[in-house]
Amino acid sequence: MPTAVLTDRERTAVQAYLRLLHTVRATLDTEHADPSRVRSAPMVPPTVLAEADEALSQAGLAGNEEEFFRLLASWGPRA
């Protein structure tokens, strides 16, 4: 599999998306750790969501393209 070379805007988009993803996961992990809490939609700080939206827009991405997921796979740690 060829290694993708990310542009600065693509890198920023991937990093912002990953921060958003980690924020949501942390929220879900907290809810699972305390079963007495009422299940609700994960609360994501508006600034984190806005940062991801802006970074994706600047890179010309929506965040759901096959190309974007390839960028994520090339950036993240191997499982």
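Owing to the predicted nature of the structure, the values given are computational and were not obtained by experimental measurement.
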Quiz: residues 12-20 side-chain donor-acceptor pairs under 3.5 angstrom, not counting sequence neighbours:
from	atom 1	to	atom 2	distance (Å)
Thr12	OG1	Asp8	O	2.9
Arg19	NE	Glu51	OE1	3.4
Arg19	NE	Glu51	OE2	3.3
Arg19	NH2	Glu51	OE2	2.4

Run the side chain to side chain contact (heavy atoms under 4.5 Å, CB included) test against [X] and tell me which residues pass, sequence neighbours left out.
X: Ser57; answer: none
X: Pro45; answer: Thr23, Thr47, Val48
X: Glu54; answer: Gln58

Practice task
Specify the closest pair of heavy atoms between Leu61 and Phe68, including all atoms of both residues, with the distance to one decimal.
Solution key: CD1-CD1, 3.6 Å
Problem - All salt bridge (charged side-chain N to carboxylate O under 4.0 Å, His left out) counterparts of Glu66, not counting sequence neighbours - result: Arg70
